[in-house]
Amino acid sequence: MNATVQPSGRRPARLTTGRIGLYAFLPISALFFLTPLYVMMVTSLKTMPEIRSGSILSWPSAHNLDAWVRASSQACTGLSCNGIQTGFWNSVRILVPSVAASIAVGAVTGYTLSFWRARGAKTLFAALMIVAFMPYQVFIYPLVRLFAMAGVGNSLLGIVLVHTIFGLPTMTLLFRNHFAALPMELFKAARVDGAGFWRIFLQIMLPMAVPIAVVAMILQVTGIWNDFLLGLVFTGCRNLPMTVQLNNIVASSQGERLYNVDMAATMLTALVPLCIYFISGRWFVRGIAAGAVKG
Amino acid sequence: MQHELPVPHGLVRPGAVSLRGVEIAYGSFRVLDRLDLEVAQSEFLVLLGPSGCGKSTLLNAVAGLTEVDAGEIWVGGRNVTWKEPKDRGIAMVFQSYTLYPRMTVRGNMSFGLQVAGIARAEIQRRVREAAAMLRIEDLLDRKPAELSGGQRQRVAIGRALVREAAVCLFDEPLSNLDAQLRTELRTEIKRLHVRLGATMIFVTHDQIEALTLADRIAVMRDRRIQQLGTPTEIYTRPVSRFVATFVGCPAMGFIAGHLVEGRRFKADGLDLSLDGYQALGEMAAGRPVDLGIRPEHITLAPGHPEAIEAPLELVEPMGSDLLAWVRLGTVSLAMRLPAETPLSLGDRLPVMLPASRFNLFDAASGLRI
Ligand SMILES: Nc1ncnc2c1ncn2[C@@H]1O[C@H](COP(=O)(O)OP(=O)(O)O)[C@@H](O)[C@H]1O
Ligand SMILES: [Mg+2]
């Protein structure tokens, strides 16, 4: 009979202190972030008398969708009382061209900076990175003046331009890092094959940048959708985005405060980024990581 | 700047390459220093040198992928110094995976031809021919990710061949392959050269590749060409200790010593005659030198009056032959012997060092004497 030979040394512990800490931390942070969501959800389903009488954590007695209907189509935002739905469509009209333009411009700049040794490329990139870390409020006043002079103030075009400009550092960084990881020789091979600036970009580099473009899209969609300040300053009153209209509903001071309508409107506004997070959480994390590695 | 010479038709040599006083610097770091090089039509020239000596830079300059700071580059009788890569009549194969990942093999091979606006039928013909030559017909519809390393390099070579350029540039195309594939593809490249008659400039840091492929080898070190010559010249008469060490496997053995009166070499426990050594210049007595000799040039000479008794320290069988390490004075030297030579450790072997096979280098400068 063979004696089983025991491996020497202690078996590695399954449960280390670090693990215990992690397991304690996870539910606590989950609770921390989920509680407000829960409160908003139940409040939006309650009637006003129920809200006034009960605790904010209590389950609604009947599921009442009145608040959601009012929020989406009847609540007053400023002068008109069409609910937040106009804001939704305004936001979509701002979002689509802004996301497309900022990604396109960022991809081209990132590509140029990584492959075409343009004069001053390093300086330009450094400048972009410095600007990326400046509070953007600094630029608002000069931009407002500039846009007014150029005749694009208070317009859809204006806000799209602003989002493109403010998205430039992040988008450039994202695409530059992606392209910088590709072998330079791939680019050289294409040059020997006779391809020029745009052909190399469109036919070779862009097809390889699809994953990073998805990441860029997630970052831009959430960022632009959630924007309040730029929308308020640059869009003019006819195209105000959903966030601004939400503020008008929530912050309006006449009469009784309709908490259930406020909550419903807030959740409607948060719906787009929320969906993005749920659908693409994995990609989103990748985007954060990609943006974080090296300058 | 010189203008293009008017070359009479029929005298155009589309594959001749010449570099005249080429200088390239990255910032203040000079990579190539007034470099001259003439490559003849249909020649196979190998640029050999350690990593970082500027081989790729030189090749990129010929291809037009790096701007030169001074000097001129001529291909096929035309001054192409400021021409785009595609207009130079060159094709290039790179070291790492440079296939376009989203295109099929066929797409990769036809891309350059499509850019050049060549007719579809002609593209198909060229792709078919190149694929047949490289035996990759079965792979034409695959993506690069579905290919092995060796297949990828075949496709990369195919992509260069379809250009039907008079000059093919290779930048270490075999370095990423395992040993067996490397020899296989090496033979294939040589066969292609014979068949196509294109001028080939091939960069490598592998001396075996250089010796097997080249018509001429340019050994590079520190931004310049140290020696330019046929593989035989480079192997048998290296101009410096650097070239001598870099080329040949197993490496040349060295004995440090000095010259003495009457054309003799003296080292610790050794005194050798230099009769028969072809010196480049005068051999002043007292000069400190390194004496180099290749393992296959040391022979056994039982009973010869000049033979030296050398104790055997180690035997390394290499299949067809063996390496015997013997002690001469204070150094150990390898000698190459037939595999069946009966040897046992501690034997005292009668060893002959023929002066005609010596390589003497100045100890300070490392240059051949
Ligand atoms: N783009 C570049 N910027 C700065 N230095 C470079 C660049 N490319 C190459 N070098 C430097 O030039 C030298 C020669 O490089 P290279 O021609 O690639 O050498 P090799 O191909 O012989 O290994 C190296 O020291 C390398 O560090
Ligand atoms: Mg190299």
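Here the structure is a predicted model, which means the values were calculated and not measured. In what follows, every chain begins at residue 1, and chains take the letters A, B, ... in the order their sequences are listed.
- The distance from atom CZ of A:F187 to atom CG of B:L65, rounded to the nearest 0.5 Å, is 8.5 Å.
- The number of heavy-atom neighbours closer than 6.0 Å to CZ of B:R191, taken from other residues, nucleotides and ligands shown, is 12 or below.
- Put simply, of A:A195, A:G196, A:P183, A:A189, the one with the most heavy-atom pairs under 4.5 Å next to chain B is A:A189.
- Atom CH2 of A:W116 sits in a crowded spot, with more than 12 heavy atoms from other residues, nucleotides or ligands closer than 6.0 Å.
- Both the backbone and the side chain of A:P207 come within contact range of chain B, judged by heavy atoms closer than 4.5 Å.
- In this structure, no portion of B:D87 lies under 4.5 Å from any heavy atom of chain A.
- For the pair B:R102 and A:I204, the minimum side-chain heavy-atom distance is 4.5 Å or more.
- For the residue pair A:E185/B:S96, the side-chain donor-acceptor check at 3.5 Å is satisfied.
- Side-chain contact between B:F111 and A:R199 is present, with at least one heavy-atom pair separated by less than 4.5 Å.
- For the atom pair CG of A:D193 and CD of B:Q114, the computed distance is 10.0 Å after rounding to the nearest 0.5 Å.
- Between A:Q203 and B:M103, the closest heavy-atom pair is O-CE, 3.9 Å.
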Checklist line | side chain to side chain contact (heavy atoms under 4.5 Å, CB included) between A:R191 and B:E84, intermediate numbers included | finding: CA-CA 8 Å; A:R191 293 257 290 143; B:E84 282 289 301; 3.0 Å; yes
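- Proximity of B:N60 to A:K188: side-chain heavy atoms (C-beta onward) are separated by under 4.5 Å at one or more points.
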Margin query: Could you walk me through whether B:F94 and A:L186 satisfy the side chain to side chain contact (heavy atoms under 4.5 Å, CB included) test, starting with their C-alpha distance in whole Å, then the side-chain angles of each, then the deciding distance to 0.1 Å, before giving a yes or no?
Written below: CA-CA 9 Å; B:F94 299 87; A:L186 186 69; over 6 Å; no
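- More than 12 heavy-atom neighbours from other residues, nucleotides or ligands sit within 6.0 angstrom of CD on B:E38.
- Of all residues in residues 160-173 of chain B, those placing a non-hydrogen atom less than 4.5 angstrom from a non-hydrogen atom of chain A are B:R163, B:D171.
- Of the atoms belonging to B:I90, heavy atoms from both backbone and side chain fall under 4.5 Å from chain A.
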Item checked: side chain to side chain contact (heavy atoms under 4.5 Å, CB included) between A:V192 and B:K86, intermediate numbers included -> CA-CA 5 Å; A:V192 172; B:K86 66 176 163 66; over 6 Å; no
